[in-house]
Amino acid sequence: MVNTTIKTTKSQEIFAAAQNLMPGGVNSPVRAFKSVGGQPIVFDRVKDAYIWDVDGNQYIDYVGTWGPAICGHAHPEVIAALHEALEKGTSFGAPSFLENVLAEMVIDAVPSIEMVRFVNSGTEACMAVLRLMRAFTNREKIIKFEGCYHGHADTFLVKAGSGVATLGLPDSPGVPKSSTITTLTAPYNDLEAVKVLLEQNRDEIAGVILEPVVGNAGFITPDAGFLEGLRELTHEHGALLVFDEVMTGFRIAYGGAQEKFGVTPDLTTLGKVIGGGLPVGAYGGRRDIMSMIAPAGPVYQAGTLSGNPLAMTAGIKTLELLQRPGTYEYLDQITQKLADGLVKIAQETGHSVCGGHISAMFGLFFTSGPVHNYEDAKKSDMAKFGRFHRGMLERGVYLAPSQFEAGFTSLAHTEADIEKTLAVAREVLASL
Ligand code: KE4
């Protein structure tokens, strides 16, 4: 039996059955709660900032289906737009005006994007952008950063973050050496390491790809000058700069981290928010580079459900909601109250912690820190994080089930939700 004070009978029954049907009982590893212990709760429905599990327990949600629910779950205007779209069919596999609409919104919003291609996940977007950067530069090697996660394509599964870090699978079986031999890694925030790699592999690096604010090694922010330094170094070496904004896009700011920090990459990947909870990924950037993508150019990439009308509809409505005045001020205000409150309460109850937020993204490490990179993040007390996670869960607060993830707020989170979360956190932290 799981040592929990909340009634989770139905969750346990369903999850037990799931494990005979799907590997680990889940369709994405991090959902299995492996690193925090205990069993996951099985969701029944979500609305606004809340989750209800199959046993009827209610939770304040800080995962937001890993980012898409930035306007709150099941926003009435998104649902209404989807109902209308559904009447016209679920998939076309042909051009539709909706694709033009969302493409124009993305191009208008994201500084680096002059042209965009929609796909069905962040992984697909990162796979495509990898092929594109290699084709454009006629070079094969890439530089990524330890702890950053760019989806599960072979080439990126090297010192990756998120579920890979959580499960301690820095180099997953089944990934041939030939796929990773061209992947060079550096510590996040270490410009000197990047400079050395570029010089040691002169004229061989197609590009540098990173999360401009890390969410997959826990929440790690770029040091002052780091992003600007990468922009200069990649220019100097004829390499492309790629921001993976699958998580940060439209969350850190409407124009993403590149707008917030004023650094414009050559290519950007997106996902999550732009699908409003339906499967969408995207990659885009300079017109001269994107024009290489088939059928305009020779670089092949395709997808049956790419630009799906339902996903486009949910994305369009979500971005419309985010464009409303006061959105990012509100997100910053409530997330600051939450993140600063959690750090303060943890310190008051005797824990070594560090953490913070940028806009609607936050994180907390059980280490005095500071956390500048993945090595620092790995020094945090994972066991304590697991106990914290379970304690919060039992009191109706749903946090990401891994130290190597970030937290997400939404426009639906109220001041009262934040107050309640901080009160629960004080109780849990005092008991750890
Ligand atoms: P997806 O293929 O999961 O849509 O996107 C991959 C991806 C790419 N780049 C970044 C920066 C990402 O954060 C992600 C996916 N994020 C994880 C959460 N850390 C998705 C959750 C999961 O794997 O279940």
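Each ligand, and each atom within it, is numbered from 1 in the order the structure gives. Just so it is clear, the structure is predicted and the values come from calculations on it, not from any experiment.
- Ligand 1 lies under 4.0 Å from heavy atoms of S28, V30, W66, S121, G122, T123, Y149, H150, G151, S162, E211, N216, D244, V246, M247, K272, E405.
- Residues that satisfy the side chain to side chain donor-acceptor pair (under 3.5 Å) test with E228, not counting sequence neighbours, are absent from this structure.
- Salt-bridge check for D266 with R231: passed, with a basic side-chain N closer than 4.0 Å to an acidic carboxylate O.
- Ion pairing between a basic and an acidic side chain is recognised when a charged N comes within 4.0 Å of a carboxylate O; R286 and E114 show no such pairing.
- With sequence neighbours excluded, no residue forms a side chain to side chain donor-acceptor pair (under 3.5 Å) with T155.
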Distance-only criterion, 3.5 Å: show the donor-acceptor pairs between side-chain atoms of residues 96-104 and protein atoms not counting sequence neighbours.
from, atom 1, to, atom 2, distance (Å)
S96, OG, E99, OE1, 3.1
E99, OE1, S96, N, 2.6

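- Relative ring orientation between H413 and Y62 is described as parallel, the plane-to-plane angle staying below 30° on a 0-90° scale split at 30° and 60°.
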